[in-house]
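Hydrogens, waters and symmetry mates are skipped; everything else that's a heavy atom, side chains included, is used. When a ligand or atom number is given, it counts from 1 through the structure's own listing order. Predicted model, so just to flag it, every value in this text is computed and none were measured.
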Amino acid sequence: MSIYLDNAATTPLCPEAKEAMIAALELYGNPSSTHAEGRKAKALVERVRKEIAAALNCLPAEVIFTSGGTEADNWALKSSVEFLGVKKLYHSELEHHAVTHMVEALEGKLECVAIPFNEHGDHDLDWLEAALSADAASSRKALVSLMHANNEIGNLVDLARLSSMTRAHGALLHSDTVQTMAHLKLDFGATPLEFAACSAHKFHGPKGIGFAYIKQGTGVQPFIRGGAQERGHRAGTENVVGIAGLGAAFSAAVAHLDADAAHMTRVKTYAIDALRKAFPTICFNGRSADLDKSLFTVLNFYVPELHEGGMLNFQLDLQGFCVSGGSACSSGSVGGSHVLGGIKSPGGTRISFSRMTTLGEIDALVHALQNLPKLD
Ligand code: PLP
């Protein structure tokens with residue numbers, strides 16, 4: 001039996017999602033068909049869309065189902081450049097590759113400017129505000145893309161401030177909200193932005209389903225072209241079973257938002273204390289040990305005597321612990337984490353929590369770290 005501490009990579013399916021998906025398997029109609037079986041499937045898709053929109057304080061038409069977070073992020077950036085006349089993109093080198101690799105692909109089509117950050121991974125929003133203000137004077141349309149919570153170090157960005165500075169200077173705002181959606185209360189009415197992204201498997205829903213939030217009137221064009229599904233915004237027959245699972249997982253997460261946040265904060269606080277006690281030389285990467293500046297799901301640590309040699313995460317795997325050295329999506333790539341490299345950290349282990357994580361699992365991890373067998 002493994003101990004799963006990699007919930008920022010993905011989470012186990014919750015019973016609510018599983019039950020809703022099994023029930024949805026019976027809905028074989030195509031949601032675009034106008035007959036009775038088609039209408040049943042369509043009703044489910046629209047019910048989930050309405051529930052999500054109600055929780056986010058936005059319009060149902062602003063929620064467009066996608067294959068997940070990557071598609072939603074890619075769509076926002078590419079469409080802004082190709083169809084919305086964006087000429088300047090403010091981005092961060094600490095973003096998930098769903099953003100950084102799309103920025104690389106767009107370079108040459110517009111001016112891409114990296115927002116400065118310090119060794120803790122805090123972005124300089126005063127610098128950004130001054131830059132946006134200068135752009136507003138030159139009437140060049142800008143897009144800011146900054147993730148709400150970093151998936152490797154948990155750093156939170158002040159979304160309300162980003163929203164108000166982009167409104168004030170006529171810029172567009174995209175935030176990769178994959179790590180915070182259904183974990184933090186998001187209100188797109190109170191904190192307006194043009195684009196956000198959701199991935200169901202980050203909150204106990206199924207993989208391969210999510211949605212793009214796109215503010216009405218933004219004027220984007222479809223990323224995937226074909227049929228008229230999703231009101232003409234995203235072609236392809238809807239993933240009805242996935243949408244059922246997404247909806248159930250989202251509703252369950254939103255219903256227990258405060259209790260789950262309190263639980264994970266307790267688990268994280270416990271882990272910080274236990275690790276500090278066991279390893280006085282420990283450093284925490286980014287703001288991950290600062291409860292006010294990071295998301296409660298993520299903790300990223302470096303212990304010189306354990307990490308030297310670069311085998312710790314492998315050793316933990318052998319002991320039955322699922323942890324991560326960086327983003328799961330880059331684990332097959334050459335080189336270490338671009339986020340840890342970006343903040344000049346020598347390395348790290350990310351442990352990440354869910355409402356299912358227990359204090360006993362943290363005790364087991366600390367015990368295993370203290371008793372690692374020597375490598376030959
Ligand atoms: N953005 C962030 C911050 C993520 O953590 C992830 C998943 O690891 C993604 C985007 C990609 O989401 P998906 O796996 O649904 O494509």
Numbered atoms of ligand 1 (with element) below 4.0 Å of Met147, judged on heavy atoms = 3 (C)
To atom 10 (C) of ligand 1, the nearest of Asp176, Asn150, Thr66, Asn151 on a heavy-atom basis is Asp176
Please determine, by modelled atom types, if Lys268 and Ser294 share a side-chain donor-acceptor pair under 3.5 angstrom.
-> yes
Ignoring hydrogens and angles, state whether a donor on the side chain of His201 or Thr10 is under 3.5 Å from an acceptor on the partner side chain.
-> yes
State, without any angle test, whether Thr357 and Glu361 hold a side-chain donor-acceptor pair at a distance under 3.5 Å.
-> no
Mind checking whether His307 and Tyr302 have parallel, tilted or perpendicular rings, split at 30° and 60°?
-> parallel
Considering the heavy atoms of Lys202, write down every atom of ligand 1 situated less than 4.0 Å from one of them.
-> 5 (O), 6 (C), 7 (C), 8 (O)
Taking only heavy atoms of Asp73 into account, list the atoms of ligand 1 that are under 4.0 Å away from them.
-> 1 (N), 10 (C)
Please could you name the atoms of ligand 1 that Gly68 approaches to less than 4.0 Å, counting only its heavy atoms?
-> 15 (O)
Hydrophobic cluster membership, Trp75 vs Phe195, 4.5 Å side-chain cutoff | yes
Return yes when Lys207 approaches ligand 1 closer than 4.0 angstrom through a heavy atom, no otherwise.
-> no
Does an N or O from Ala98, backbone or side chain, lie closer than 3.5 Å to an N or O of ligand 1?
-> no
Which atoms of ligand 1 sit under 4.0 Å from any heavy atom of Thr70?
-> 11 (C), 12 (O), 13 (P), 16 (O)
Assess the side chains of Asn300 and Ser288: does a donor N or O sit below 3.5 Å from an acceptor N or O?
-> no
Looking only at heavy atoms of Glu71, does any of them come nearer than 4.0 Å to an atom of ligand 1?
-> no
NZ of Lys78: more than 12 outside heavy atoms within 6.0 angstrom?
-> no
